[in-house]
Amino acid sequence: MDKIIITGGKKLQGEVVISGSKNATLPIQVATLLTDAECTLLNVPRLRDINTMNDVLRAIGMEIKEKNDNYVFRTKGKLKNMAPYDLVKTMRASVLVVGPLLARLGEAKVALPGGCAIGLRPINIHLDGFRKLGAKVEIKEGYVTLKTKKLVGNRMTLDFPSVGATENLMMAAVLAGGKTVIENAAREPEIVDLADFLNTLGAQVSGAGTRVITIKGVKELGGGTHTVIPDRIETGTFMVASAITGGDIRIKNGRLDHLAALVEKLKATGIEIEESAGDILVDGSPKLKSLEVETRPYPGFPTDMQAQVMSLMCITPEDSIFTETIFENRFMHVGELQRMGAEIVLKGHSALVKGVKYLSGAPVMATDLRASAALILAGLVARGKTEISRIYHLDRGYERIEVKLEKLGAKIKRIK
Ligand code: UD1
């Protein structure tokens, strides 16, 4: 298994280009199941999760071609109604195929994803919504089977603004009869990007990005070309990389308007962030102030940035506090940061971080995607050498992060 080795202490300087958003691409890939016409996606990141989703779609009957760094999707013959366990267990987002399959075939059989490193992550909100659209749901032998004669639009209020449930239900509703209203919908930028893609194909989705999404069902969708939004979590991770090393970097192709809650916190800790000619400039400050961070659904502070900002707070002089409200087990990075000399006390859903003068390099283990990023950030500033194993987590969601960091002046390498 590959490892990443970092020798800390280099200030980052220069330019970095942000890739397309992983979490926006995944549902959009799935949404190509909704049409027989050709769809082209631009700005797709080169990531393991994207390849896994392509494998799921190929198993269902899509033909996917790479053309000049872009992806072209087309259905090939009759679609299968099923996503098998060996694919679903490697990536929970595969459960998003339920919406389109139900809409197109009236039937979907998908393996239940089960738990993962950061929490239980059930799909009850997805299933409640499909029932409201007229599907019968049965759970048997590890699979959930949904059947309907015809999906019919309805009004529903989600128990929690789940990102995946909002996406899944939106995709089902675009081909349902009549009008669907999703209240308490997730408002993440990735939801807006999916709605934009669906509308490009001829769907009638309005209100994406607000609490209430309205979808008027149409008979069929056509094809189209869509450029995926930049990855806001990759952007945020590079902002913290600049800050933690006291560096000064220019981020290209990022969207500051998707990161308001993070930017507010980073500015409060003393980091200068500004926009110039469409780029984001991040100037790390040597004197950081402590923070109080509570993760919330968008537009609140993203849970996907909690681990990285915690690494930053490990070396601020005062105490900081992090409260995780989205996932029940998202402090796996704490034990590894402690191995590097961080002082962190866990109490229920909160972590009290007592700033230390310095972190020291150590062999550590990545436990999930964003935890891996937090360890890389800690390694960039730690004294000596940090060796991170199990970095396959990292390859799921960060495109060539070690190459991008090396270009900014970090002493980092991947070894086989
Ligand atoms: C998406 C993101 C992930 C991010 C998360 C929260 C993708 C591929 N992944 O995950 O990176 O961390 O949003 O911003 O876009 N829940 C239920 N029942 C459900 C659905 C969700 O209880 O039916 C709970 C989950 O267990 C979790 C919370 O709701 O505690 C948020 O989950 P959700 O918003 O659905 O996250 P994902 O779509 O899985």
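Just follow the structure's listing: the first ligand is 1, and inside any ligand the first atom is 1.
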If you measure from each heavy atom of His126 to ligand 1, is any distance below 4.0 Å?
-> yes

Geometric N/O contact Ile326 with ligand 1, under 3.5 angstrom = yes

What atoms of ligand 1 come within less than 4.0 Å of a heavy atom belonging to Arg330?
-> 12 (O)

Sub-3.5 Å N/O-N/O distance, Glu167 and ligand 1 | no

Measure the distances from the heavy atoms of Gln306 to every atom of ligand 1 and state whether one is below 4.0 angstrom.
-> no

Closest to atom 20 (C) of ligand 1 by heavy-atom distance, out of Pro122, Ala165, Gly164, is Pro122

Closest approach of Lys404 and Glu399, non-hydrogen atoms and distance?
-> CE-O, 3.5 Å

Note, Asp395 side chain near Arg414 side chain (heavy atom, < 4.5 Å) = yes

Just which atoms of ligand 1 are under 4.0 Å from any heavy atom in Phe160?
-> 28 (C), 29 (O), 31 (C)

Between Glu107 and Thr145, a side-chain donor and acceptor under 3.5 Å | no

Who passes ring pair (Phe, Tyr, Trp, His ring centres under 6.0 Å) against His226, sequence neighbours left out?
-> Phe197

Mind checking whether Arg92 has an N or O less than 3.5 Å away from an N or O of ligand 1?
-> no

Would you name the heavy atoms of Leu146 and Val98 that are closest together and state the gap between them?
-> CD1-CG1, 3.7 Å

Do Glu328 and ligand 1 have an N or O pair less than 3.5 Å apart?
-> no

Which one holds for Val163 and ligand 1: side chain close, backbone close, both close, or neither close, with close meaning a heavy atom under 4.0 Å?
-> both

For Thr303, atoms of ligand 1 separated by under 4.0 Å from a heavy atom = 6 (C), 12 (O), 14 (O)

More than 12 non-hydrogen atoms from neighbouring residues, nucleotides or ligands closer than 6.0 Å to NZ on Lys150, yes or no?
-> yes

How far apart are the closest heavy atoms of Gly341 and Val356, and which atoms are they?
-> O-CG1, 3.7 Å

For ligand 1, indicate whether the residue Met91 contacts it via side chain, backbone, both or neither (heavy-atom separation under 4.0 Å).
-> neither

Please identify each residue that fulfils side chain to side chain donor-acceptor pair (under 3.5 Å) with Asn23, with sequence neighbours left out.
-> none

Check Ile125 against ligand 1 and report side chain, backbone, both or neither, counting heavy atoms closer than 4.0 Å.
-> both

Nearest heavy-atom pair of Thr367 and His333: which atoms, and what distance?
-> OG1-N, 4.4 Å

